[in-house]
**Q** 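I am attaching a structure below and will ask some questions about it afterwards.
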Amino acid sequence: MAATWQPQEEGFKEICGLLEQQISPSSTTDKSQIWQQLQHYSQFPDFNNYLAFILARSEGKSIEVRQAAGLLLKNNIRMAYMSINPAYQQYIKSELLPCLGSNDRHIRSTVGTIITTVIQIGGIIGWPELLQALVNCLDSDDLNHMEGAMDALSKICEDIPQVLDSDVPGLSERPINAFLPRMLQFFQSPHTSLRKLSLASVNQYIMLMPAALYAAMSRYLQGLFILANDPSGEVRKLVCSAFVQLIEISPDVLELHLRNVIEYMLQVNKDTDDEVALESCEFWSTYCESQLPPDNLREVLPRLIPVLLSNMAYAEDDESLVDAEEDGSLPDRDQDIKPRFHTSRLHGSEIDDDDDEDIVNVWNLRKCSAAALDTLSNVFGDEILPALMPIIESKLSTSGDSEWKEREAAVLALGAVAEGCINGLYPHLTQIIAFLIPLLDDKFPLIRSITCWTLSRFSKYIVEVTNYQKGYEQFELVLAGVLRRVVDDNKRVQEAACSAFATLEEEAGDLLVPKLEVILQHLMIAYGKYQRRNLRIVYDAIGTLADAVGRKLNQPTYLNILMPPLFSKWQQLSDVDKDLFSLLECFTSIALALGSGFSQFADPVFERCIRIVQIQQQAKVDPAAAGVQYDKEFVVCSLDLLSGLTEGLGSNIESLVSKSRLGDLLIQCCMDDLSEVRQSSFALVGDLARACPSHLHPRVTEYLTVATKQLESPKLKECLSVANNACWAIGEIAVKVRQEVSPVVIPVVSCLVLILQHTEELNKSLVENSAITLGRLSWACPELISPHMEHFMQPWCAALAIIRDDIEKEDAFRGLCALIKANPSGALSSLVFMCNAIASWNEVRSEELQNELCQVLHGYKQMLRNGAWDQCMSALDPPVKDKLSKYQV
């Protein structure tokens, strides 16, 4: 049937006509209408045959129409290849293969894309003729055929490299064994396109490192060295990319050539083609991170560092130069505002808040060079300073307007090495910072902005030396300078200054308290003048300030400056405005900082959070009725603010909770299908259990059952953070409702024991919370848990031993004592583990718990006679014995 299929003239004309209209920029017909008509044709079983025919044989039609037919065919194949009649599949394939050698590059390229899609779905086995056709093309002397086959292969290698390195029934060897030697041969082709496509294809296999490539490694490396000085920048870039990948994945293969590779990378790091220089610059960080001996790089540092510094100056075409001129009074366009993602609340250690976002997010040679310098400074430390500092000093000593980019690069370099070279810079830091402070007022905005960033990199030192009069005076100068830049008119400077101030706040903490009024005045001036994008950073700076100074913010003077502008914005924004997210986060920090001082603002905030969650829950079920599309961020931010309010207000939250529908909403949120919503929901459940447990009371069994589900094995691995918060919430409920947790105790304990037995696969926070919750449940229901204790005492005690001293650890040890009281023999086989756990306390603050632990140890000492106790003691490490000596055992 395939061989005899012929298009009908009428159908052919109509489809061509539609494709012409679809691609025509001047066509007045509605594009969606054309799309619908094409969809209508796609109902016919042989529609894809028409597309293949138009692509392959319509010589009289424009290349654009033929390409459009090919791209539509590719999409149809991707969506429904397996449902195409096998005879028609065969027809399509038979039309594609001759086009590999088409005279037109665009047709060849489109055919390569379709071939890759067919292989992706049907595999090589579904198209046995393809491999031979590709080999024939590669072996022909016709450039079009060689290029067409190589183009198709490069796409297969990029999208599905593994298919060429797999066994194919009916073939004596894997396809890669036939193609690899031919690709390596093309490294020496006189045609740039073939050198580029073949090198790009082989590079795709570095990560997979198939046996065929490993065996041909010396030929591959020889080929790379031949191409190293290729006239084509694209080829040189691929050579650099190969060396970067090899040093990361398989550094051993470069061992004999390392010196030559390093020399080459140093040479092309100065390439006139920025793309090549950028690719080669990746080598330095990758080398340092691959744990190779640093000695190989050490000898080139004096030559490498000047190259990196030279590449750190802004390029003439850097888009930041244009952005930097943008006036702060110009409103942001929607496309300037990146989507933001809120991080749900997590209870426990390991709350990793790495917010060191780069000032602008396009990766380029300047950024890559600064990152390389940063990495080198962390590996070689002060060794790089003799090569680096004279260049920095010389660049900083220039004063002309034309050299401002050199000065800016020098300030960037200082910031890049701030961590790695801190010891060598330390004696000079006072002078360095004194030199940087005036640059905060430089006439060039990009010097002002980079100075903010570099000063923030030294903020630990700036705060550390405030014990000395001179150090404190310098801290005041830096603070005042950064605050001046917070109210700068330039958007880039505003962004850099606010971010730098947030970093300084984290280090400075209480040092900010005497300056709070001035700080708040500056932040609120910024709040009044910033456009939407930078407003987020002000919110972050306000939130960080609240975290840093805590209750000290709770003064009428400060609140009168801070709260009216925030509430004014709060009233302007609708319940579905995404600009509300950052404000909700900011209020969360303020509520936690002010504690009961937030009660004067709590009513409207609490009510609005409840309303937002209700709107979103309705939108999830029926967006039309709600009038908005569902967005989980609204729910998560609102739940986290409710958590912050609950934690801040404590029992004062009760009056708000009692007159709201929070109970119904929260149980729904705990069962949500989105893990971020469940994570924040269980954080709120735990906070409410602490603050006003009576309001969880009517549904306590429901909360406990839903929370327990999060700890069951399949769900656990998918969403560790949800399990972490659910586990913590169960423990908080147990402390408050005691015996009422009994219906779920055994299922929860089974889950917790599994967690404690597999700690190596899980994060520290979940392990700690599991150990604490197991203790809290044991304290609440010792009689239910003690019969099973010998099954989990060892991993439980091991986990208890790594928890820091606090009230939660006290609860856990009360549970341990309660179990031992109920079933002393249950811990006999785990006494060494128990002693290690008890010895992990630096200081037991509770006298009652101290006495209980003393009784437990003395109880075992009396129980174990005939030297058994001494034998147990001798198995303990000396520091553990020392710690236990205060119990006089």
Side-chain angles (χ1 to χ4, degrees), residues 206-207 240-271 277-313 352 354 356-358 363-393 395 409-429 432 450 453-454 456-461 503:
I206 296 174
M207 300 295 258
C240 294
S241 166
F243 285 135
V244 170
Q245 289 183 68
L246 284 168
I247 207 83
E248 182 180 4
I249 304 299
S250 197
D252 53 307
V253 303
L254 288 178
E255 210 166 329
L256 299 173
H257 310 279
L258 253 185
R259 188 156 278 172
N260 289 340
V261 172
I262 288 170
E263 277 299 331
Y264 171 68
M265 289 310 222
L266 186 56
Q267 174 201 322
V268 279
N269 210 161
K270 298 179 276 196
D271 201 288
L278 171 58
E279 196 61 54
S280 70
C281 193
E282 300 283 1
F283 182 81
W284 313 115
S285 297
T286 309
Y287 183 99
C288 293
E289 283 154 15
S290 64
Q291 311 294 306
L292 283 160
D295 291 351
N296 296 307
L297 281 192
R298 185 173 273 114
E299 59 199 57
V300 299
L301 287 176
R303 288 182 297 142
L304 170 59
I305 281 163
V307 174
L308 293 176
L309 266 155
S310 155
N311 287 339
M312 279 159 66
D352 191 16
D354 189 12
D356 194 12
E357 239 185 88
D358 207 333
W363 193 241
N364 55 25
L365 182 56
R366 163 190 161 79
K367 300 241 179 85
C368 188
S369 304
L373 187 58
D374 184 352
T375 308
L376 290 168
S377 76
N378 279 299
V379 171
F380 294 100
D382 302 338
E383 283 182 62
I384 71 170
L385 291 176
L388 177 74
M389 289 315 285
I391 308 174
I392 288 182
E393 283 166 19
K395 285 179 185 289
V411 178
L412 169 60
L414 275 174
V417 301
E419 287 177 9
C421 299
I422 191 66
N423 294 332
L425 293 174
Y426 205 89
H428 314 289
L429 273 181
I432 290 172
I450 201 63
W453 177 75
T454 294
S456 77
R457 299 270 288 172
F458 290 116
S459 52
K460 197 186 265 322
Y461 167 85
T503 307

**Q** How would you list, by chain and number, every residue that makes a side-chain hydrogen bond (donor to acceptor under 3.5 Å, both in side chains) with Thr286, sequence neighbours excluded?
**A** none
**Q** Which heavy atom of Ile392 sits nearest a heavy atom of Ala413, and at what distance?
**A** CD1-CB, 3.8 Å
**Q** Centroid-to-centroid, Tyr426 to Tyr461, below 6.0 Å?
**A** yes
**Q** Starting at CD1 of Ile432, measure out to CE of Met389 and round the result to the nearest 0.5 Å.
**A** 4.5 Å
**Q** Within this structure, what is the CD1-OG distance for the pair Ile305 and Ser310, rounded to the nearest 0.5 Å?
**A** 13.5 Å
**Q** Output every pair passing salt bridge (charged side-chain N to carboxylate O under 4.0 Å, His left out) with a member in residues 242-256, not counting sequence neighbours, ordered by first then second residue.
**A** none
**Q** Would you say the side-chain atoms of Ser250 pair up with the backbone N or O of Leu246, donor to acceptor, closer than 3.5 Å?
**A** no
**Q** Would you please name every residue forming a side chain to side chain contact (heavy atoms under 4.5 Å, CB included) with Lys270, sequence neighbours left out?
**A** Val307
**Q** Supply the atom-to-atom distance Ile262 CD1 to Trp284 CH2, rounded to the nearest 0.5 angstrom.
**A** 6.5 Å
**Q** How long is the gap from CG on Leu373 to CG on Leu414, to the nearest 0.5 Å?
**A** 9.5 Å
**Q** For the backbone of Val411 and the side chain of Thr454, can you confirm whether one donor and one acceptor N or O come within less than 3.5 Å of each other?
**A** yes
**Q** Could you state the interatomic distance from SG (Cys368) to CE (Met312), rounded to the nearest 0.5 Å?
**A** 11.0 Å
**Q** Just to verify, what does Val379 make a side chain to side chain contact (heavy atoms under 4.5 Å, CB included) with, not counting sequence neighbours?
**A** Cys288, Pro294
**Q** Let's go through Cys281 and Asn311 carefully: what are the C-alpha distance in whole Å and the side-chain angles of both, what is the deciding distance for side chain to side chain contact (heavy atoms under 4.5 Å, CB included) to 0.1 Å, and is it a yes or a no?
**A** CA-CA 10 Å; Cys281 193; Asn311 287 339; 5.7 Å; no
**Q** Rounded to the nearest 0.5 Å, what separation is found between the CG atom of Leu412 and the CZ atom of Arg457?
**A** 9.5 Å
**Q** With sequence neighbours left out, write down each residue that passes side-chain hydrogen bond (donor to acceptor under 3.5 Å, both in side chains) with Ser459, or none if nothing qualifies.
**A** none
**Q** Sequence neighbours excluded, which residues qualify as side chain to side chain contact (heavy atoms under 4.5 Å, CB included) partners of Glu299?
**A** Arg259
**Q** Kindly state each residue pair satisfying salt bridge (charged side-chain N to carboxylate O under 4.0 Å, His left out) with at least one member in residues 300-312, sequence neighbours excluded.
**A** Glu263-Arg303
**Q** Not counting sequence neighbours, list each pair that qualifies as a salt bridge (charged side-chain N to carboxylate O under 4.0 Å, His left out) and has a residue in residues 284-296.
**A** Asp295-Arg298
**Q** If you compare all heavy atoms of Ala387 against all heavy atoms of Pro302, which two are closest, and at what distance to 0.1 Å?
**A** CB-CA, 4.0 Å
**Q** Could you walk me through whether Leu388 and Leu301 pass the side chain to side chain contact (heavy atoms under 4.5 Å, CB included) check?
**A** CA-CA 9 Å; Leu388 177 74; Leu301 287 176; over 6 Å; no
**Q** In chain order, what residues pass the side-chain hydrogen bond (donor to acceptor under 3.5 Å, both in side chains) check against Asn296, with sequence neighbours excluded?
**A** Tyr287
**Q** Please step through side chain to side chain contact (heavy atoms under 4.5 Å, CB included) for the pair Ser456 and Trp453, ending with a clear verdict.
**A** CA-CA 5 Å; Ser456 77; Trp453 177 75; 4.3 Å; yes
**Q** If we check side-chain contact (heavy atoms from CB on, under 4.5 Å) with Cys240, which of these qualifies: Asp271, Leu278, Val268?
**A** Val268
**Q** Give the minimum heavy-atom separation between Ala416 and Ser377, together with the two atoms involved.
**A** O-OG, 3.9 Å
**Q** Quick one: does any side-chain atom of Thr375 pair with a main-chain N or O of Ala371 as donor and acceptor, under 3.5 Å?
**A** yes
**Q** Considering non-hydrogen atoms only, spot the tightest contact between Ile384 and Leu376 and give its length.
**A** CG2-O, 4.4 Å
**Q** With sequence neighbours excluded, what pairs up with Phe380 under the ring pair (Phe, Tyr, Trp, His ring centres under 6.0 Å) test?
**A** none
**Q** Determine, step by step, whether Ser285 and Asp374 satisfy the side chain to side chain contact (heavy atoms under 4.5 Å, CB included) criterion, reporting the C-alpha distance in whole Å, the side-chain angles of both residues, the deciding distance to 0.1 Å, and the verdict.
**A** CA-CA 9 Å; Ser285 297; Asp374 184 352; over 6 Å; no
**Q** List in chain and number order the residues that pass side-chain hydrogen bond (donor to acceptor under 3.5 Å, both in side chains) with Ser241, two or more places apart in sequence or in another chain; answer none if no residue qualifies.
**A** Gln245
**Q** Can you check whether Leu304's main-chain N or O pairs, donor with acceptor, with Asn269's side chain at less than 3.5 Å?
**A** no
**Q** Among residues at least two apart in sequence or on other chains, which ones pass side chain to side chain contact (heavy atoms under 4.5 Å, CB included) with Ala242?
**A** Asn203, Ile206, Tyr220, Leu224
